[in-house]
Trainee: 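Structure in structure tokens, see below.
Scope of the values below: all heavy atoms of this structure, side chains included, with no hydrogens, waters or symmetry mates. These numbers were taken from a predicted model, which means no experiment stands behind them.
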Amino acid sequence: MAVRTRFAPSPTGYMHIGGMRTALFNWLWARRNRGTFILRIDDTDQQRNMDEALGPILQAFRWLGLDWDEGPDRPGPNGPCFQSQRRHLYDAALQRLLADGHAYRDFEPAAETQRQREEAEQQKRVYVSSRQSLLLTAEQIQQQLAAGQPCVIRLKVPREDRVVIDDHVRGRVEWDCSLMPDPVIARSDGSPLYNFATVVDDAAMEITHVIRAEEHLSNTPIQVLLHRALGNNTPEWAHIPYVAAPGSKEKISKRKIAQYRKNPQFQKLFELGDAVLGRLGVDAAADALSPVMVAYSQQVGFIPAGVLNALVRIGWSYDDQTEILSLEEMITKFSLERVIRSPAGLDPDKLISFQSHWMHQLSVDEKLEGCLQWLQRAGLIADAADPEVRQYVAKVIDLAGDRLRVYGDIFSVDEFFVADDAVQMDQKNFEKRVLNATGAVELLRQVQQLLVGLPEYSAGPLHDALQGILQQRGLKPGDLFPALRLCISGRVQGADLFRTLELLGREKVDRRLSGTLSRIPGTT
RNA sequence: GGCCCCAUCGUCUAGUUAGGUCCAGGACAUCGGAUUUUCAUUCCGGUAACAGGGGUUCAAAUCCCCUUGGGGUCACCA
């Protein structure tokens with residue numbers, strides 16, 4: 001039978017990193033089996049603006065290159081992919097269940113049910129539904145209905161049964177039905193609940209493998225029972241571990257961002273993110289964007305290959321060696337059997353490491369397209385289409401080399417883009433290397449003179465000339481290079497100094513040197 | 001609390017189904033060293049783990065039991 005998997009997010013307005021990992025596993029399983037991947041929208045409880053809430057989710061899929069065979073924009077042979085548009089199916093199934101006696105109308109007031117629940121808990125007794133409404137005769141039920149008495153519809157759990165599944169990752173898991181309350185499958189307004197709609201749709205869409213996070217494991221017996229009651233074939237199950245917060249076993253959550261900021265393991269990612277997002281005018285401290293969301297990595301300038309590689313290795317491995325995998329390799333190598341059982345924490349450091357690896361694989365042209373976008377959004381370049389700008393940026397990228405891990409890292413060499421008087425000076429090092437270093441200022445003046453008159457302003461000659469001064473004066477590289485770099489870029493560290501000088505060019509270097517040196521008090 | 005799940009270096013994991021080749025392998029992080037004008041990269045090297053206790057066995061990270069710990073879930077949310 002052809003494999004059909006689905007990922008069914010509810011439109012929340014953002015794509016969660018953990019959900020993305022679940023989606024990836026579903027997608028991978030479908031692709032590796034030449035099956036079908038379905039994107040279904042679980043919007044049974046949503047009143048908000050669909051476009052707005054769904055947009056970011058589809059956007060995340062498109063960005064990462066996970067395509068769907070059936071989805072919001074392309075209904076499958078089994079109907080639309082919005083649950084809100086499949087109501088007739090749920091209604092029909094409900095009628096069937098009611099007629100068969102697998103489900104019943106429960107007129108018990110919610111407060112009363114709640115009371116019983118609490119009472120059972122107090123008495124340390126397992127709570128199961130009272131089923132008082134089952135005592136009603138058909139006439140009584142009609143009367144209640146006619147009187148407008150509200151009721152929910154519950155599945156009548158066969159209490160003498162057991163549910164046993166053979167989960168692809170967890171193995172055999174079983175439940176005793178005598179311990180289960182009758183789950184509500186339709187609200188008093190007749191609308192279906194998640195567990196019910198899911199089962200109806202999974203069956204209608206002929207889903208063969210339900211691959212979802214472990215937190216759904218407790219929903220499984222209910223869904224199995226529902227499938228049985230409906231006479232469906234039960235899909236195969238694979239409950240993958242949820243994605244935990246770095247260094248913990250707790251499910252990673254959007255609400256705990258403030259906590260994560262204090263987490264040393266999250267340090268680097270936040271530093272990277274803050275630096276980039278700050279430049280883009282995005283308030284990273286606000287709730288709107290956080291590392292828990294897929295959009296965060298995109299905004300910071302991660303590339304799909306890096307994110308995908310990090311995601312696939314959370315809770316899954318191919319063997320004891322393979323770390324680097326392209327999407328294509330994942331497709332051929334992925335298997336449910338090698339999904340790990342215990343929760344796995346997202347490792348921000350490893351994310352960055354995978355990202356660096358894949359970024360380094362990109363050609364200068366590919367990096368160029370990305371960096372141009374970031375530079376433009378930060379207002380550091382005026383026109384990304386301008387051939388001269390493009391050529392210049394390409395050179396900067398080449399010079400930056402491995403320092404460019406994410407597109408946003410282009411901001412770490414912003415000395416190539418800001419105005420001469422807008423260079424941010426590392427004041428502390430400036431004092432140490434220039435102001436308080438004996439003879440530094442005088443040396444820099446001599447260097448400035450030398451550079452202005454240098455016949456050929458390129459890395460080689462620049463190197464030779466500067467080395468020449470050092471030799472002449474019996475100085476070490478450390479006496480000049482950091483100081484010079486500071487004057488022209490504001491930083492003590494960076495890419496090759498001579499190539500930096502060359503790229504910046506004679507005029508800029510001279511202006512920056514003049515500007516910096518003129519601000520030094522007590523000198524003329 | 002009930003039900004269910006999980007437990008190997010700081011982290012992600014290999015090894016557990018078929019016990020021996022594992023005084024436990026890889027990757028990231030970290031620490032040292034080499035290269036380099038600095039940083040980054042690259043290359044070498046180091047530190048570092050089978051939660052605890054009982055069994056079974058000639059032999060257990062691997063099988064069984066118990067304990068402990070962690071987590072998920074218990075809605076007219078998804």
Trainee: If the P atom of B:A27 is compared with that of B:C39, how far apart are they to the nearest Å?
Mentor: 24 Å

Trainee: Below 4.0 angstrom from OP1 or OP2 of B:U17, is there any side-chain N or O of A:Arg172?
Mentor: no

Trainee: Does A:Asn219 contact B:A78 through a side-chain donor or acceptor facing the base, at a distance under 3.5 Å?
Mentor: yes

Trainee: Regarding A:Lys156 and the six-membered ring of A:Tyr104, is the cationic atom NZ or CZ under 6.0 Å from the ring centre and inside 45° of its axis?
Mentor: no

Trainee: Please pick, from B:A14, B:C6, B:U37, the nucleotide with the shortest atom-to-atom distance to any side-chain atom of A:Ser317.
Mentor: B:A14

Trainee: How far does the P atom of B:A49 sit from the matching atom of B:C65, given to the nearest Å?
Mentor: 28 Å

Trainee: By nearest atom, which of the nucleotides B:C12, B:C6, B:A40 is closest to the A:Arg313 side chain?
Mentor: B:C12

Trainee: Among B:A40, B:U37, B:A78, which is the nearest nucleotide to the side chain of A:Phe481?
Mentor: B:U37

Trainee: Decide if the gap between the ring center of A:Trp316 and the ring center of A:Phe25 is smaller than 6.0 angstrom.
Mentor: no

Trainee: Measuring to OP1 and OP2 of B:A78, would you say a side-chain N or O of A:Arg187 lies under 4.0 angstrom away?
Mentor: yes

Trainee: If you measure from the P atom in B:A29 to the same atom in B:C43, how many Å do you get, rounded?
Mentor: 12 Å

Trainee: Applying the Watson-Crick and G-U wobble criteria at under 3.5 Å, what pairs with B:U35? Answer none if nothing qualifies.
Mentor: none

Trainee: Which nucleotide, in any strand shown, forms a Watson-Crick or G-U wobble pair with B:A61, with both distances under 3.5 Å?
Mentor: none

Trainee: Taking the six-membered ring for Trp, is the centroid-to-centroid distance between A:Phe481 and A:Phe498 below 6.0 Å?
Mentor: yes

Trainee: If you check the A:Asp402 side chain, which of B:C12, B:G72, B:U41 turns out closest?
Mentor: B:U41

Trainee: State the CD-CD1 distance between A:Glu271 and A:Ile352, to the nearest 0.5 angstrom.
Mentor: 9.0 Å

Trainee: In whole angstrom, give the distance that lies between atom CD of A:Glu215 and atom P of B:C3.
Mentor: 21 Å

Trainee: If we take the P atom in both B:A51 and B:G70, what is their distance in whole Å?
Mentor: 16 Å

Trainee: On the nucleotide B:A75, are OP1 or OP2 found under 4.0 Å from the side-chain N or O atoms that A:Arg117 carries?
Mentor: yes

Trainee: On the nucleotide B:G72, are OP1 or OP2 found under 4.0 Å from the side-chain N or O atoms that A:Lys249 carries?
Mentor: no

Trainee: Does the side chain of A:Asn429 reach to within under 4.5 Å of the side chain of A:Arg491, using non-hydrogen atoms?
Mentor: no

Trainee: Closest to the A:Leu179 side chain: B:C3, B:U13, B:C76?
Mentor: B:C3

Trainee: Side-chain N or O of A:Lys268 versus OP1/OP2 of B:U30: is the shortest distance under 4.0 Å?
Mentor: yes

Trainee: Could you tell me which nucleotide pairs with B:U30 by Watson-Crick or G-U wobble geometry, both distances under 3.5 Å, or answer none if nothing does?
Mentor: B:G46

Trainee: Mind calculating the distance between CD (A:Glu323) and P (B:A27) to the nearest angstrom?
Mentor: 8 Å

Trainee: Go through B:C5, B:C12, B:U73 for me and flag the one nearest to the A:Glu214 side chain.
Mentor: B:C5

Trainee: Between C1' on B:C74 and CZ on A:Arg125, what's the gap in Å once rounded to a whole number?
Mentor: 16 Å

Trainee: Could you tell me how the ring of A:Tyr14 sits relative to the ring of A:His16: parallel (under 30°), tilted (30 to 60°) or perpendicular (over 60°)?
Mentor: tilted

Trainee: From the set B:C5, B:G71, B:C39, return the single nucleotide nearest to any side-chain atom of A:Gln493.
Mentor: B:C39

Trainee: Roughly how far, to the nearest 0.5 Å, is the CD1 atom of A:Ile222 from the NE2 atom of A:His216?
Mentor: 12.0 Å

Trainee: On a whole-Å scale, what distance lies between the C1' atoms belonging to B:G19 and B:A59?
Mentor: 8 Å

Trainee: Determine: side-chain N/O of A:Ser218 to OP1/OP2 of B:G72, distance under 4.0 Å, yes or no.
Mentor: no

Trainee: RNA chain B: A:Ala495 or A:Val169, which has the more 5' nearest nucleotide?
Mentor: A:Val169

Trainee: Between B:C28, B:C76, B:G72, which one does the side chain of A:Val152 approach most closely?
Mentor: B:C76

Trainee: Is there a Watson-Crick or G-U wobble partner for B:C74 with both distances under 3.5 Å, and if so, which one is it?
Mentor: B:G1

